[in-house]
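Report on one structure; see the data block that follows.
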Protein chains: 2
Amino acid sequence: MPRHQNRGAAGGRRRASHSMESVLTEAVALLDEAGPSALTFRALAQRLGGGVASIYWYVASKDELLDRATDHVIGGVLAEIEAIEPGDDPIYHLRAMSLTLFDAILVRPWLGNYFMRNTDVQGNALRLYEKLGQPTLRLKLTARQRFHAVSAITTVVVGSAVDLGQEPPQEVLDGALGRDEFLGRFAATWRELDADDFPFVHEIVDEFDGHDDIEQFRAALDLTLAGLRLQAGA
Amino acid sequence: MPRHQNRGAAGGRRRASHSMESVLTEAVALLDEAGPSALTFRALAQRLGGGVASIYWYVASKDELLDRATDHVIGGVLAEIEAIEPGDDPIYHLRAMSLTLFDAILVRPWLGNYFMRNTDVQGNALRLYEKLGQPTLRLKLTARQRFHAVSAITTVVVGSAVDLGQEPPQEVLDGALGRDEFLGRFAATWRELDADDFPFVHEIVDEFDGHDDIEQFRAALDLTLAGLRLQAGA
DNA sequence: ATCTCTATCGAACGCTGTTCTATCGTACCT
DNA sequence: AGGTACGATAGAACAGCGTTCGATAGAGAT
């Protein structure tokens, strides 16, 4: 049962020579270029110029591959987040970090499905969680309230990003159908509903039509943060 | 290309006779009994006493099967939610409905991954969305604020439920390892982290250890609702 | 009796994650 | 130098998946 520990130097004539780094980098590249469904062991092996089974020396399963790939890119996000100035207002700091995390997941929706799934493997995710929590130490809260607050925020960030970034139905991916037209089709269906049975849907259909994802997330985040500010009495 | 429209009466001697209803019911039963990985066309066909390809007469793909199965059980949730008394406080009403929806998804985490994914197929989900939105009509908000509020709440509900209910790592499923021991193992790892580098994690590790999922969700929901109440000036 | 349309099904296809077994190549030991 | 242990690679096979194809049974209309 091989478990990590690596360093593979220059390769021979025909045999490929990988490294944990290269495996994760290529895995992420594959995910970025063609979505989660494109990340297969065969595709990854071809990209690395080696055999399928070799990947299993670095990683025990596809789940672990995704866990490690996730933590790999979260490392970059962590750096971004650590570069943010804390400032005076802890809640504003929390907000800035959340927006950065959200942007990262929105671009790579698969992150949301694996982020913080296993903190044993995902060291960077744990550090990011710590970073998100630190501002709450400056607020007048109980330990439990702090725990719940950070959980709530990560849920909003990850939940929103996953929801908004979930793979669109092919037509949109192909570019044959724009996002606005896609929303518009639903909006049109909604508008045809009975006005007495669906008063709310009618009320918001114009807002839904062509709405901005980031604004929608920001609104959700700000509701939570407003509640938190109230709780902290600040 | 066959598309719904059914009614299949009594079966002959060896040929099976299904119906949309029976397909969805058995699909849900399979999901409930052994989790999402147990729902395969072959397993479902065996349960229905028929062939694999027959299912494709009722459903065009596995995605559609899951969409329809989701809406099937959401129908029951909708009935529960419609039975709730509105009461005087719109936000409290919203809260009660959210808790009901959360409970439903917590028991069936796969719901979260498909809920509201396609309102064309998921009529009940749309009706539920409407129900969740109606209380906001009684609040002093703009249409956009209402839209964002309901989006925020569904994100919190679905996000929390999916997060908390995601398939535990087999040992827990087998019953070999209790949930508390599972949490405790992580807690133990966290406690060994450097106290200066991880002040927040140390602060909350006792809260994390053996925490209650529902309480955690309720805290997240209440933060959002507090923010909403503030926004509505009520 | 034949035709048509709904509904069913076995068998096959191409793909997936994973495992088995065999091997290459380097570093170390004598 | 020769032998050996081990880190690392890889081809081939396996079982299972969603999906498609083509054949066909049964009921009702002509």
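Order of the sequence lines sets the chain letters (A, B, ...), proteins ahead of strands, with each chain counted from 1. Only a predicted model underlies this, so the values are computations on that prediction, with no experimental measurement involved.
Side-chain nitrogen and oxygen atoms of B:His18 include at least one within less than 4.0 Å of the OP1 or OP2 phosphate oxygen of C:dC9. Close to D:dA8, at under 4.0 Å from its OP1 or OP2, lies no side-chain N or O of A:Ser54. For the OP1/OP2 pair of D:dT9 and a distance below 4.0 Å, the side-chain nitrogens and oxygens of A:Tyr58 include at least one atom meeting the criterion.
In this structure, the nucleotide among C:dG10, D:dC17, C:dT18 sitting nearest to the side chain of A:Tyr56 is C:dT18. Side-chain proximity of A:Ala53 to the nucleotides D:dT19, D:dG11, C:dG17 is greatest for D:dG11. Closest approach to the B:Arg42 side chain among C:dT6, C:dA12, D:dC21 is made by C:dA12 (side chain taken as heavy atoms from C-beta onward).
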I would like to know whether B:Asp209 and B:His211 meet side chain to side chain donor-acceptor pair (under 3.5 Å); could you show each step before the answer? CA-CA 6 Å; B:Asp209 200 353; B:His211 74 269; over 6 Å; no
Going through the distances and angles, do A:Asp71 and A:Arg117 end up as a salt bridge (charged side-chain N to carboxylate O under 4.0 Å, His left out)? CA-CA 10 Å; A:Asp71 207 53; A:Arg117 249 170 64 107; over 6 Å; no
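Between B:Leu39 atom CG and D:dT19 atom P there is a gap of 11 Å when expressed in whole angstrom units. Atom-to-atom, CH2 of B:Trp57 to C1' of C:dC5 comes out at 11 Å; the value is rounded to the nearest Å. One can place CG of A:Leu65 at 13 Å from C1' of C:dT18, the figure rounded to the nearest angstrom. One can place CG of A:Asp67 at 16 Å from C1' of C:dG17, the figure rounded to the nearest angstrom. In this structure, CG of A:Leu48 is placed 10 Å from P of D:dT9, rounded to the nearest angstrom. For B:Met20 and C:dA7, the CE to C1' distance is 14 Å, given to the nearest whole Å. If you measure from atom CG of A:Leu44 to atom P of D:dA10, you get 12 Å, rounded to the nearest angstrom. Atom CG of B:Leu66 is separated from atom C1' of D:dG18 by 12 Å (rounded to the nearest Å).
Using a 30° and 60° split on the angle between ring planes, A:Phe41 and A:Tyr56 fall in the parallel class, below 30°. Ring orientation note: the planes of B:Phe217 and B:Phe102 are close to parallel, at an angle under 30° on the 30°/60° scale. Ring geometry for B:Tyr129 against A:Trp190 counts as tilted: the plane angle lies between 30° and 60°, on a 0 to 90° scale.
Between the side chain of A:Arg15 and the base of C:dG25, no donor-acceptor pair under 3.5 Å is found.
Residue whose closest nucleotide on DNA chain C sits further toward the 5' end, between B:Gly51 and A:Phe41: B:Gly51.
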